[in-house]
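Worksheet: one structure, shown below.
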Amino acid sequence: ESRHTETIFRDKSGRKRDLVQERLEQKQKDEARSEREEQYAQWGRGLAQGRQQQQNVEDAMKEMQKPLARYIDDEDLDRMLREQEREGDPMAEYIKKRKAKENQEKKEKPRYSGPAPPPNRFNIWPGHRWDGVDRWVFLIR
């Protein structure tokens with residue numbers, strides 16, 4: 001009779017333990033803990049660095065699709081080499097200044113935003129610092 005019976009496990013208080021249920025709960029806890037640890041590990045590496053690494057992999061895959069022989073008229077290679085900034089490049093500072101100047105030129109210049117100015121023969125608006133007083137009228141009279 002006792003050969004085919006299952007062993008009954010009890011806790012300290014004497015209640016029966018359900019080992020299958022305990023193993024299932026422990027497995028769920030381990031999975032949740034591993035997911036949380038994986039997320040913290042990803043945060044520790046840095047989200048931006050992970051995105052950059054993914055971008056590098058995609059770029060490498062794109063480059064692998066291209067032919068092995070790269071010629072002098074290859075536009076992608078030329079653009080990539082031009083965009084790289086190298087240490088000790090004497091033209092890099094000049095190019096940065098030129099780009100900054102181009103961006104500065106693109107900015108809209110300030111305009112006069114006061115009451116309507118008196119008309120002149122060329123229909124030119126006054127400068128943005130004009131205070132609205134037409135001083136030529138006083139000089140002519």
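Residue numbers start at 1 and run along the sequence shown. Below, all heavy atoms of this structure are taken into account, side chains as well, without hydrogens, waters or symmetry copies.
The structure places CG of Leu19 at 11.0 Å from CD1 of Ile8, a figure rounded to the nearest 0.5 Å. Put simply, OG on Ser113 and CH2 on Trp125 are 9.0 Å apart, with the number rounded to the nearest 0.5 Å. Interatomic distance, CD of Glu63 versus CG of Asp76, reported as 7.0 Å (0.5 Å rounding). Rounding to the nearest 0.5 angstrom, the gap separating the CD atom in Glu58 from the CD atom in Gln54 is 5.0 Å. Atom CD of Gln28 sits about 14.5 Å away from atom CZ of Arg23, to the nearest 0.5 Å. Between Asp131 atom CG and Arg129 atom CZ the span is 12.5 Å, to the nearest 0.5 Å.
Across every non-hydrogen atom of Pro126 and Tyr112, the tightest pair is O-CB, 3.5 Å. Of all non-hydrogen atoms in Gln49 and Arg45, the two that sit nearest each other are OE1-O, 3.6 Å.
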- Query: Can you check side-chain contact (heavy atoms from CB on, under 4.5 Å) on Tyr94 and Met91, steps first, answer last?
  - Reply: CA-CA 5 Å; Tyr94 171 73; Met91 287 294 287; 3.6 Å; yes
- Item | Verdict with reasoning, Lys62 to Gln65, per side-chain contact (heavy atoms from CB on, under 4.5 Å) | CA-CA 5 Å; Lys62 190 187 302 181; Gln65 299 298 326; 5.7 Å; no
- Query: For Glu22 and Asp18, what are the C-alpha separation, side-chain angles and deciding distance, and is it a side-chain contact (heavy atoms from CB on, under 4.5 Å)?
  - Reply: CA-CA 6 Å; Glu22 288 179 10; Asp18 188 6; 5.6 Å; no
- Item | Residues His128, Arg111; criterion side-chain contact (heavy atoms from CB on, under 4.5 Å); working and verdict | CA-CA 5 Å; His128 69 280; Arg111 286 186 51 118; 5.6 Å; no
- Message: Please evaluate residues Lys29 and Glu25 with respect to the criterion salt bridge (Lys or Arg N to Asp or Glu O under 4.0 Å), reporting the C-alpha separation (whole Å), side-chain torsions for both, the decisive distance (0.1 Å), and the verdict.
- Response: CA-CA 6 Å; Lys29 286 181 183 178; Glu25 290 174 3; 5.6 Å; no
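With sequence neighbours left out, Gln52 forms a side chain to side chain donor-acceptor pair (under 3.5 Å) with Asn56.
Within 6.0 Å of CZ on Arg86 lie more than 12 heavy atoms contributed by other residues, nucleotides or ligands. For Gln53, the CD atom is loosely surrounded, since the number of other residues' heavy atoms within 6.0 Å does not exceed 12. The local environment of NZ in Lys96 is sparse, with at most 12 non-hydrogen atoms from other residues, nucleotides or ligands closer than 6.0 Å. Residue Glu75 places its CD atom among 12 or fewer non-hydrogen atoms of other residues, nucleotides or ligands, all under 6.0 Å distant. Within 6.0 Å of the CZ atom in Arg15, the count of heavy atoms belonging to other residues, nucleotides or ligands does not exceed 12. Counted within 6.0 Å of CD on Glu38, heavy atoms from surrounding residues, nucleotides or ligands total 12 or fewer; the atom is thus considered open.
For the pair Met61/Met64, a side-chain contact is recorded, criterion being any heavy-atom separation below 4.5 Å from C-beta on.
Residue pairs satisfying the ring pair (Phe, Tyr, Trp, His ring centres under 6.0 Å) criterion with at least one member in residues 36-59, sequence neighbours excluded, are listed as follows: Tyr40-Trp43.
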